[in-house]
Amino acid sequence: MKKLLLASAAILALGGGAKAADLGAPRMPIAAAVVAPVFNWTGFYLGGHVGYGFSRGHHANTALGGGNAFDNGADTTPFTYNTRGILGGLHAGYNWQSGRVLFGIEGELGYSGVSGSRAGANPGVSTDDYGDTRHGFYAFIGPRLGIVADRTLFYVKAGLAVGTVRNTASDLLVDPPPIDFDVGDFSRVTRTRIGFGVGAGMEYAFTQNWIGRVEYMYKDYGSFTSTNLDGDFFRHRNHEHSVRLGVSYLFSSGPSAVVARY
């Protein structure tokens, strides 16, 4: 009997020790899935932009009328000067996102205050010329292509540009004073020009709907010819560079994609 009691006590002691060892063993962590939303760029957007524009005013005699529109004989050296100013407008478009690639179309409408003028010497040609360039309303429409990195988008775009530009060119009467335009060698014409535009920029989505952008844009309206009262011709060339900041509201077409991370 005594031996039976001793054996039972030994078995109980061994069982308790095994349970104590099990309680002290650390448990292995279990990987948990973390659901992280990925921004979806697909959808219609509408926004506004402001910026700074600059270019070069460019007028020249052309041999079509004898080459003396500036009353400078046959010399065709361009009369040039800097133009600059503030611009702003609205933009709208639609994005289609496929993986990390974005396809879209965008249009814009605005007003450019880029302008400039110069009176005086054209080195080596004349001391009495005048030129003036004033940009106005503009529009653009074209496709854009981008690369998406979650909430960041890098893109390029190109398309049709339309702009209203006023060009003035004239020879000046400097003797006797006061200085005035030579009516016979004077041209002022405002035209709506059709050309092309190219641009590149970056956008960042601060929220699911609000997006900021920084963008560079170049628009080229080509050149055209005008005439003065003497029947001579000026050649005008117009283009514009601009750097813009903008904000857009994205009307998302659906919920963002979800990625499980462990």
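Values reported hereafter were calculated over all heavy atoms of this structure, with side chains retained and with hydrogens, waters and symmetry mates removed.
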Examine distances only and state if a side-chain atom of [X] and a backbone atom of [Y] form a donor-acceptor pair shorter than 3.5 Å.
X: D150; Y: F39; value: yes
X: R144; Y: G104; value: no
X: T207; Y: W210; value: yes
X: S112; Y: G136; value: no

Any idea which heavy atoms bring [X] and [Y] closest together, and the distance?
X: G131; Y: F79; answer: N-CE2, 3.4 Å
X: L87; Y: S242; answer: CD2-CB, 3.6 Å
X: A158; Y: P143; answer: O-CD, 3.1 Å
X: V114; Y: S55; answer: CG1-OG, 4.1 Å

Next on the checklist: Assess the residue pair F137 and L109 against the criterion (side-chain contact (heavy atoms from CB on, under 4.5 Å)); give the C-alpha distance rounded to whole Å, side-chain angles, the decisive distance to 0.1 Å, and a yes or no.
Outcome noted: CA-CA 8 Å; F137 291 101; L109 180 66; 5.9 Å; no
Next on the checklist: I need the D180 CG to F186 CZ distance, nearest 0.5 Å.
Outcome noted: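 If we round to the nearest 0.5 Å, D180:CG and F186:CZ are 9.5 Å apart.
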Item to check | Point-to-point distance, once rounded to the nearest 0.5 Å, from CG of N82 to OG of S115 | outcome: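 N82 atom CG to S115 atom OG measures 12.0 Å (nearest 0.5 Å).
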What about [X] and [Y], same hydrophobic cluster or not, with Ile/Leu/Val/Met/Phe/Trp/Tyr joined at side-chain heavy-atom distances under 4.5 Å?
X: F251; Y: W96; result: yes
X: Y155; Y: W41; result: yes
X: F154; Y: V214; result: yes
X: L46; Y: V247; result: yes

Checklist entry - Could you go step by step and tell me if L250 and Y45 meet the side-chain contact (heavy atoms from CB on, under 4.5 Å) rule? => result CA-CA 4 Å; L250 175 65; Y45 60 91; 4.2 Å; yes
Next on the checklist: Checking E215 against R244 for the salt bridge (charged side-chain N to carboxylate O under 4.0 Å, His left out) test, could you report, in this order, the C-alpha distance in whole Å, the side-chain angles of both residues, the deciding distance, and whether it holds?
Outcome noted: CA-CA 5 Å; E215 180 182 81; R244 295 98 75 80; 3.0 Å; yes
Would you indicate whether the side-chain heavy atoms of [Y] and [X] approach each other to under 4.5 Å?
X: R151; Y: F206; answer: no
X: L229; Y: V183; answer: yes
X: K219; Y: F196; answer: no
X: E240; Y: Y218; answer: no
X: L102; Y: N95; answer: yes
X: N228; Y: D182; answer: no
X: D129; Y: L172; answer: no
X: V162; Y: T192; answer: yes

Using 30° and 60° as the class boundaries, would you call the ring planes of [X] and [Y] parallel, tilted or perpendicular?
X: Y130; Y: F181; value: perpendicular
X: H91; Y: H49; value: parallel
X: Y81; Y: H59; value: tilted

Checklist entry - How about Y94 and F44: are their ring centroids closer than 6.0 Å? => result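 Y94 vs F44: aromatic centres not under 6.0 Å.
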Checklist entry - Is the distance between the ring centroids of F140 and Y138 under 6.0 Å? => result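 Ring centres of Y138 and F140 not closer than 6.0 Å.
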Check the side chains of [Y] and [X] for a donor-acceptor pair under 3.5 angstrom, ignoring hydrogens and angles.
X: T83; Y: T133; value: no
X: R235; Y: N61; value: no
X: Y216; Y: H241; value: yes
X: E203; Y: T152; value: no
X: R193; Y: N238; value: no
X: S226; Y: S187; value: yes

Checklist entry - Going through the checks in order, is the salt bridge (charged side-chain N to carboxylate O under 4.0 Å, His left out) test met by R213 and E108? => result CA-CA 14 Å; R213 69 162 56 178; E108 62 180 49; 5.6 Å; no
Checklist entry - Checking side-chain contact (heavy atoms from CB on, under 4.5 Å) for the pair V243/M217: CA distance, chi angles, key distance, verdict? => result CA-CA 6 Å; V243 179; M217 191 77 181; over 6 Å; no
Checklist entry - Cation-pi between R84 and F54: NZ/CZ under 6.0 Å from ring centre and within 45° of the ring axis? => result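 Verdict for F54: no cation-pi partner in R84.
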Checklist entry - Looking at T168, N167, T225, which one forms a side chain to side chain contact (heavy atoms under 4.5 Å, CB included) with H236? => result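 Option passing the side chain to side chain contact (heavy atoms under 4.5 Å, CB included) with H236: N167.
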Item to check | Atom CD1 of I194: over 12 foreign heavy atoms under 6.0 Å | outcome: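 No, the 6.0 Å shell around CD1 holds no more than 12 heavy atoms from other groups.
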Checklist entry - D132 pairs by salt bridge (Lys or Arg N to Asp or Glu O under 4.0 Å) with which of R118, R166, R188? => result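 Considering R118, R166, R188, a salt bridge (Lys or Arg N to Asp or Glu O under 4.0 Å) with D132 is found only for R166.
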Next on the checklist: Checking R191 against F224 for the side-chain contact (heavy atoms from CB on, under 4.5 Å) test, could you report, in this order, the C-alpha distance in whole Å, the side-chain angles of both residues, the deciding distance, and whether it holds?
Outcome noted: CA-CA 10 Å; R191 290 192 179 179; F224 69 95; 3.1 Å; yes
